[in-house]
Amino acid sequence: MKVMKFGGTSVGKPERMQQVAKLITTGSEPKIVVLSALSGTTNALVSIGEALAIGDKPLAKQIIDGLEAHYHAFIKNLLKNEAAIKKGEIIISEHFDFLNIILKISFNEALNKDILAQGELMSTKLFSTYLEEKGIDHALLPALDFMQIDANDEPYFDAIRVKLNRILQQHAGKKLFVTQGYICRNSKGEVDNLKRGGSDYTASLIAAAAKASVCEIWTDIDGMHNNDPRIVNKTIPVVQLSFEEAAELAYFGAKILHPTCIWPAQQEKVPVKLLNTMQPEAPGTTITQEAGSEGVKAVAAKDGIIAIKIKSSRMLLAYGFLRKIFEVFEKYKTAIDMVTTSEVAVSVTIDNDTHLAQILKELEPFGTVTTDKDQTIVSIVGNQIAQTPHILSKLFDSLLEVPVRMVSYGGSSHNVSVLVPSAYKIQTLQLLNKGVFGLE
Ligand code: ASP
Ligand code: MG
């Protein structure tokens, strides 16, 4: 079994969706195809929810009508024969009737999740109609029948595995399955989702549950690149990464892969491939258990970071000091990314400022607290970084003119992170591209 996930841009135009149908019908291995909503749809659905939340029904109605027109135009170019177009029209009507009914009833969070689910429901049903028109045998599996999250909104993996495998057994002999990314049921049985960008997560969970041979994530770029192509002139795709390296890159800003999606595949040792729908022959990036090679592979940056420093002479030779500090962050459910310490001070970074004021207040008794906002974590990711000759010297030589605020290495041997003011982010990425990767 092979899992193939296609993102919004890969299904966002009729001709792209037709291209996806070609990609999934090559090779004899059975496949589970996971689709996102058409590009732009989830954003529109979010806007509908936001308009309803503030009681602006005319705005919600306007977005619904605009989206509906888009879908009608879409199927006219996707489908050829009249019966298929009729079927497509009925699917679209069903979902937009639902959205129009929501306009009439009182809005709440559970209803909002129902709104958000419409994108993936429609993309998969329309794709299934296209496959049918083409005479391609397949089964459409409703993700709501097997994708489940628990009371903490985390995937309930054992339930997913049992349910999915039971469903697959019921379709013995079938070679092609299509299902929705992103959507799931929560512990109350309501429609819910795996958060924005969650279709990658769905694919990885399904690949792990079905013990797939590979989990292919198809997007519109030829794999994970060594640096941000929007910021530096020349970037190259990274051919191979370990799960650890990929997790660091995804978490620290590489947009191509959702950070949560690594662990399920990693747990069941299913290789993940990042491939390009527009350039299917390109090797892309393969993520496996083994690191493959040593040295630096890529750099990623994460903005919106706040550095907090707590300085106290009482920290000198004291024990339990860090625990007390970390407890404050735990109390406010605020995750810490980087930590650096000296004998009398500790600096940590956070990216969520929701409870910043309370956190700072509770840290005050421990020492002098200072904060620096608008910081960026630049993460240099690879294997055995410090052991690879000259990497660290090249790295720091590159950053001679950058006021580095924090440096962290040793949490793993896969990552050196530096914290720089966001105003220096572009310069930092460009300098590293030249100094560490030798790319101009
Ligand atoms: N459609 C959802 C989103 O745009 C999920 C996904 O595409 O991964 O966030
Ligand atoms: Mg995505």
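Closest non-hydrogen pair, Leu176 versus Asp137, comes out as CB-O, 3.6 Å. The two residues Ile102 and Leu52 come nearest to each other via the heavy atoms CG2-CD1, 3.7 Å. In terms of heavy atoms, Ile377 sits closest to Leu419 at CG1-CD1, 3.6 Å. Smallest separation of non-hydrogen atoms from Val238 and Ala298: CG2-CB, 4.1 Å. Residues His138 and Glu132 come closest through the heavy atom pair CE1-N, 4.0 Å. Heavy atoms only, all atoms of each residue included: Ser10 and Thr277 are closest at OG-OG1, 2.8 Å.
Using a distance-only test at 3.5 Å, with no hydrogens or angles considered, a donor-acceptor pair links the side chain of Lys31 to the main chain of Glu29. Between the side chain of Asn152 and the backbone N or O of Glu154 there is no donor-acceptor pair closer than 3.5 Å. Between the side chain of His414 and the backbone N or O of Gly382, at least one donor-acceptor pair lies under 3.5 Å. Under a 3.5 Å cut-off, the side chain of Ser204 and the backbone N or O of Asp200 do not form any donor-acceptor pair. Not a single donor-acceptor pair under 3.5 Å links the side chain of Thr376 to the backbone N or O of Lys425. For Glu120 (side chain) and Ser36 (main-chain N/O), no donor-acceptor pair under 3.5 Å exists by modelled atom type. A side-chain donor-acceptor contact under 3.5 Å links Glu133 to the backbone of Asn81. In this structure, the side chain of Gln169 does not engage the main chain of Ile167 through any donor-acceptor pair within 3.5 Å. Between the side chain of Asp374 and the main chain of Ala423, no donor-acceptor pair closer than 3.5 Å is present. Side-chain atoms of Lys211 do not come within 3.5 Å of backbone N or O of Met1 as any donor-acceptor pair.
Note that the CD1 atom of Ile380 and the NZ atom of Lys297 stand 15.5 Å from one another [nearest 0.5 Å]. With values rounded to the nearest 0.5 angstrom, Lys2 atom NZ is found 13.0 Å from Ile32 atom CD1. For the atom pair Ile48 CD1 and Ile64 CD1, the distance stands at 4.5 Å (nearest 0.5 Å). For the atom pair Asp220 CG and Asn276 CG, the distance stands at 7.0 Å (nearest 0.5 Å). Separating the CD atom in Glu290 from the CD atom in Gln240 is a distance of 7.5 Å, to the nearest 0.5 Å. Taken to the nearest 0.5 Å, the CE atom of Met17 stands 11.0 Å off from the CD1 atom of Ile75.
Looking at heavy atoms from C-beta onward, Pro229 lies in side-chain contact with Ile221 at the 4.5 angstrom threshold. For the pair Leu399 and Tyr424, the minimum side-chain heavy-atom distance is 4.5 Å or more. The shortest distance between side-chain heavy atoms of Met406 and Asp372 does not fall below 4.5 Å. With contacts defined as side-chain heavy-atom distances shorter than 4.5 Å, the pair Leu275/Met4 does not qualify. The shortest distance between side-chain heavy atoms of Trp218 and Lys273 does not fall below 4.5 Å. In this structure, the side chains of Asn433 and Asn226 come closer than 4.5 Å at one or more pairs of heavy atoms. Looking at Thr179 and Met147, their side chains never come closer than 4.5 Å, going by heavy atoms from C-beta outward. Between Lys104 and Lys57 there is no side-chain heavy-atom pair separated by less than 4.5 Å.
A 6.0 Å sphere centred on CD1 of Ile426 holds no more than 12 heavy atoms belonging to other residues, nucleotides or ligands. In this structure, Asn43 places its CG atom where more than 12 heavy-atom neighbours from other residues, nucleotides or ligands lie under 6.0 Å away. More than 12 heavy atoms of other residues, nucleotides or ligands shown are found within 6.0 angstrom of CD on Glu94. The number of heavy-atom neighbours closer than 6.0 Å to CD of Glu82, taken from other residues, nucleotides and ligands shown, is 12 or below. With a 6.0 Å radius and a threshold of 12 heavy atoms from other residues, nucleotides or ligands, Phe329 has its CZ atom above the threshold. Residue Glu401 places its CD atom among 12 or fewer non-hydrogen atoms of other residues, nucleotides or ligands, all under 6.0 Å distant.
Between the side chains of Asp337 and Tyr251, at least one donor N or O lies within less than 3.5 Å of an accepting N or O. Thr41 and Tyr71 share a donor-acceptor pair across their side chains, judged by distance under 3.5 Å alone. In summary, the side chains of Asp150 and Ser187 do not present any donor paired with an acceptor at a separation below 3.5 Å, with no hydrogens or angles considered. For the 3.5 Å distance criterion, the side chains of Asp222 and His225 qualify, holding a donor opposite an acceptor.
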task: Check the pair Phe157 / Glu268 against side-chain contact (heavy atoms from CB on, under 4.5 Å), numbers first and verdict last.
output: CA-CA 12 Å; Phe157 184 66; Glu268 298 298 328; 4.1 Å; yes
- request: Assess whether side-chain contact (heavy atoms from CB on, under 4.5 Å) is satisfied between Val191 and Arg185, documenting all intermediate values.
  value: CA-CA 5 Å; Val191 172; Arg185 285 198 190 275; 4.0 Å; yes
message: Determine whether Phe127 and Val11 satisfy the following criterion, side-chain contact (heavy atoms from CB on, under 4.5 Å), listing intermediate values before the conclusion.
response: CA-CA 9 Å; Phe127 183 63; Val11 292; 5.7 Å; no
task: With side-chain contact (heavy atoms from CB on, under 4.5 Å) as the test, would you mind laying out the steps for Thr25 and Lys134 before giving the verdict?
output: CA-CA 11 Å; Thr25 43; Lys134 286 279 184 193; over 6 Å; no
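A salt bridge does not link Lys394 to Asp397: none of the charged nitrogens lies less than 4.0 Å from a carboxylate oxygen. Taking a cutoff of 4.0 Å between a charged side-chain nitrogen and a carboxylate oxygen, Glu190 and Lys113 do not qualify as a salt bridge.
Among Ser413, Ser412, Ser417, the one residue that satisfies the side-chain hydrogen bond (donor to acceptor under 3.5 Å, both in side chains) test with Asn415 is Ser417.
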